[in-house]
Student: 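Have a look at this one.
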Amino acid sequence: MELIQTDAYTWEIPQTGDMNVPARIYASAGIMEAVKKEETFRQLINVASLPGIVGRAMAMPDIHWGYGFPIGGVAAFDMDSGVISPGGVGYDINCGVRLAALNLEEKEIRPHLEDLVVALQKHIPSGVGSTGTVKLSLKDLKKVIKQGIPWALSQGYGRDTDTGRTEEGGCMKNADPGDVSDRAMDRGKNQLGTLGSGNHFMEIGVVDTIYDPAAARVFGLAEKQVTLLIHTGSRGLGHQICDDFLALMTKKVHKSGIALPDRQLACMPVQSAEGQAYYRAMACAANFAWANRQILLHMAETVLMHTLGISPRDLGMRMVYDVCHNIAKTETHVIDKEKRKVCVHRKGATRAFGPGHAGLDPAFQDTGQPILIPGDMGTASYVLAGTQKAMEETFGSTCHGAGRVMSRKAAKKAAKGRSLQQEMEKKGVFVRAAGRGTMAEEMPEAYKDVTEVVNVVHGSGISKKVAKLRPIAVIKG
DNA sequence: ATGTGC
């Protein structure tokens, strides 16, 4: 495999063999060393070989091996000759991140951190198969997946100012519950308002550093301020939708004449009946995930108020932004100086629309959209802003997190005999996890250094650093 | 990621 470094942060794999476009990796030399190049870049080359791919197959610096498509991958497909693929979105449809800012400083909250972690864990259902907060009739679940955040608002969760601070206003409009299987509906009906497991978490943090004061002001962030960060997705509902459409497309793809380099890349033409049905079902899962994060934030607000014994006004919770990092969307981009509609797949990648983009709330017209990059539970998370360069190079996309360097299994092995909870507490971070193995799987060493990942997207210009958050209390699934 | 897997 030929790998050509084109500047400090970009590497190209030239178009050869079955590739329809070249591939590009955004990475530093250090990250290139850490990535398992053969298996992961093979996946990127496979994506570059899919029909109708436009521009380049791209990998962000948090790239690692995934199902079919690499995680940390971005690929856009022509609306007529291109494909849509569940593996290009991922199992957790609209896995994403939401950040809220509070009217508190660390010194006001530090004495209560242990109580807060215990209270959050008690009231936020988390772990594999967690259910509980909202039990829905089939009719109401249909409303949730059709409407997303507006449904949550109609039920009293959150404030109506929240939608402008959510990607897509928290609702993909093409969602159609008619394309969602009974099984997926059944798995989703008791899971709204639950955190899930794995790397999903809720984190109390502090604004540690501001890099761009003007953007930070627009985003509503100030130094020393306490924040709340939520990372979760569409739970069993999205997982089942992915399963359903992988099975359907695996069966149908050969009849459509598409030759797959890897069966995990099962896909169908964007405009085919199956492709469109997947898009509508995926949108349902996306809306579920947005409603889920909306409800979880509201629940956290209640827990914080009660535990600290303060009013909503004194807590002063307000949305910074909510992004998804596993999604496919129809978007218009300028390609070779020509405006074109394409189906952008972001899998473990975040939208990074720059200043002036019509799809953004007026508040973000000068700054570009807020981008939320969670790191591992002991290090840091970052807030970035979208840029014009992202619009030109990456279909308005950037990285989504630190990215694993150790498999879950390897992490468990490395954590044997250690108390990670105590290790974290020594660092000033109170952590509680629902699952037995979760602390081990999610330990800081299992991830790349998020700072190095963020420095790549900042250095290459596809995003801009705005603020760094330092975790002080975390609940894990 | 997931009513966790060959």
Side-chain angles (χ1 to χ4, degrees), chain A residues 43 62-73 85-98 124-133 135-136 141 180-202 230-247 263-264 266 278 281-282 284-286 288-290 292-293 296 323-328 345-350 374 376-377 400-413 433-442 446-447 475-477:
Chain A
Q43 291 196 312
D62 46 348
I63 184 174
H64 57 105
W65 189 90
Y67 183 92
F69 288 56
I71 294 161
S85 174
V89 170
Y91 266 92
D92 191 1
I93 297 164
N94 191 5
C95 186
V97 195
R98 161 176 293 230
I124 308 285
S126 49
V128 177
S130 50
T131 58
T133 308
K135 299 222 161 96
L136 296 164
L141 179 57
V180 178
S181 69
D182 292 348
R183 202 172 176 199
M185 295 296 276
D186 192 55
R187 287 180 72 171
K189 70 178 192 289
N190 293 332
Q191 290 195 320
L192 197 62
T194 66
L195 193 61
S197 75
N199 65 359
H200 288 171
F201 64 78
M202 192 178 281
I230 298 172
H231 179 203
T232 187
S234 53
R235 311 284 291 104
L237 179 106
H239 191 277
Q240 188 61 46
I241 289 170
C242 182
D243 252 351
D244 292 341
F245 280 91
L246 277 172
R263 57 175 301 169
Q264 292 189 350
Y278 171 68
M282 179 206 68
C284 287
F288 183 94
W290 274 314
N292 193 28
R293 291 195 287 275
L296 286 169
V323 295
C324 49
H325 59 220
N326 279 5
I327 199 97
H345 292 57
R346 298 190 183 93
K347 181 187 192 181
T350 313
D376 64 77
M377 61 186 171
H400 86 304
R404 295 197 85 88
V405 278
M406 281 164 109
S407 68
R408 293 183 185 280
K409 202 173 147 188
K412 271 187 190 163
K413 202 174 157 191
R436 217 53 201 107
T438 305
M439 285 287 272
E441 291 176 0
E442 294 300 315
Y447 285 89
I475 63 162
K476 301 283 295 178

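Please read all numbers here as calculations on a predicted model, not as lab measurements. Convention: sequence-line order gives letters A, B, ...; per-chain numbering from 1.
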Student: Give A:Q191 one of three labels, base, sugar-phosphate or nothing, depending on what nucleic acid heavy atoms sit under 4.0 Å from its own.
Tutor: sugar-phosphate

Student: Whole-Å distance between B:dT2 P and A:Y91 OH?
Tutor: 13 Å

Student: What residues, two or more places apart in sequence or in another chain, satisfy salt bridge (Lys or Arg N to Asp or Glu O under 4.0 Å) together with A:R263?
Tutor: none

Student: What is the distance, to the nearest angstrom, from the CG atom on A:D186 to the C1' atom on B:dT2?
Tutor: 15 Å

Student: May I ask you to check whether A:H231 and A:H400 place their ring centers less than 6.0 Å from one another?
Tutor: no

Student: Rounded to the Å, how far apart are A:K476 NZ and B:dT2 C1'?
Tutor: 16 Å

Student: Determine the contact category for A:R183: base if any of its heavy atoms lies under 4.0 Å from a base atom, sugar-phosphate if only primed atoms, P, OP1 or OP2 are that close, otherwise nothing.
Tutor: base

Student: Please report, rounded to the nearest Å, how far the P atom of B:dT2 is from the CG atom of A:D244.
Tutor: 16 Å

Student: Would A:D244 and A:Y278 count as having a side-chain donor-acceptor pair, cut-off 3.5 Å?
Tutor: no

Student: With a 4.0 Å cut-off on heavy atoms, is A:G233 in touch with a base, just the backbone sugar-phosphate, or nothing at all?
Tutor: nothing

Student: To the nearest angstrom, how far is A:D243 atom CG from B:dT2 atom C1'?
Tutor: 8 Å

Student: Starting at atom CD1 of A:I241, determine the distance to atom P of B:dT2, rounded to an integer number of angstrom.
Tutor: 14 Å

Student: For A:S197, report the nucleic acid contact type (base, sugar-phosphate, nothing); a contact means any heavy atom under 4.0 Å.
Tutor: base

Student: Check side chain to side chain contact (heavy atoms under 4.5 Å, CB included) between A:A410 and all other residues, then give those that pass, not counting sequence neighbours.
Tutor: A:M406, A:S407

